[in-house]
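Input: a single structure, listed below in structure tokens.
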Amino acid sequence: MQLNVYKKGESTPSFNGDDTGVAITGLAAGTVVVTGDYEVTHTGDNLSESSRVAVEGFTVLDADSGA
């Protein structure tokens, strides 16, 4: 299975991952991402893609925070 992360309104995935997860990278520490700014789908072995689901909002942590 592949996970696909889209920026809201875009038709090409910005990030891809596998069944263990996917990372959204390139955001500065302190960036507040609101629910729905990103959407995720999964693509199975038969290459059909699921419906998009909104990613819950989050705030990017500082890399030195240890979290």
Side-chain angles (χ1 to χ4, degrees):
M1 175 174 60
Q2 177 174 307
L3 294 174
N4 313 295
V5 177
Y6 295 86
K7 289 182 182 177
K8 185 176 182 179
E10 294 188 1
S11 60
T12 303
S14 299
F15 307 97
N16 298 103
D18 60 23
D19 58 352
T20 62
V22 61
I24 297 173
T25 60
L27 301 175
T31 299
V32 176
V33 177
V34 298
T35 299
D37 277 354
Y38 290 95
E39 300 168 320
V40 66
T41 68
H42 72 270
T43 306
D45 292 336
N46 62 2
L47 300 180
S48 64
E49 190 170 19
S50 70
S51 298
R52 292 184 183 198
V53 175
V55 173
E56 186 174 331
F58 60 92
T59 300
V60 178
L61 299 175
D62 186 331
D64 296 331
S65 70

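Both V33 and V53 are assigned to one and the same hydrophobic cluster, defined by single-linkage of ILVMFWY side chains at heavy-atom distances under 4.5 Å.
For T59, the side chain to side chain donor-acceptor pair (under 3.5 Å) test picks out no residue, with sequence neighbours left out. Under the rule for a side chain to side chain contact (heavy atoms under 4.5 Å, CB included), the partners of T41 that lie at least two apart in sequence or sit in another chain are N4, Y6, E49, S50, R52. A search for side chain to side chain donor-acceptor pair (under 3.5 Å) contacts involving S51 returns nothing, not counting sequence neighbours. Remark: D45 engages no residue in a side chain to side chain donor-acceptor pair (under 3.5 Å) (not counting sequence neighbours). Residues satisfying the side chain to side chain contact (heavy atoms under 4.5 Å, CB included) criterion with E10, sequence neighbours excluded, are K7, S14. Taking the side chain to side chain contact (heavy atoms under 4.5 Å, CB included) definition, one finds that T35 meets it with A54, E56, sequence neighbours left out. Judged as a side chain to side chain donor-acceptor pair (under 3.5 Å), and not counting sequence neighbours, D19 has no contacts. Residues satisfying the side chain to side chain contact (heavy atoms under 4.5 Å, CB included) criterion with V22, sequence neighbours excluded, are L3, V5, F15.
Rounded to the nearest 0.5 Å, atoms CZ (F58) and CG (L27) are 6.0 Å apart.
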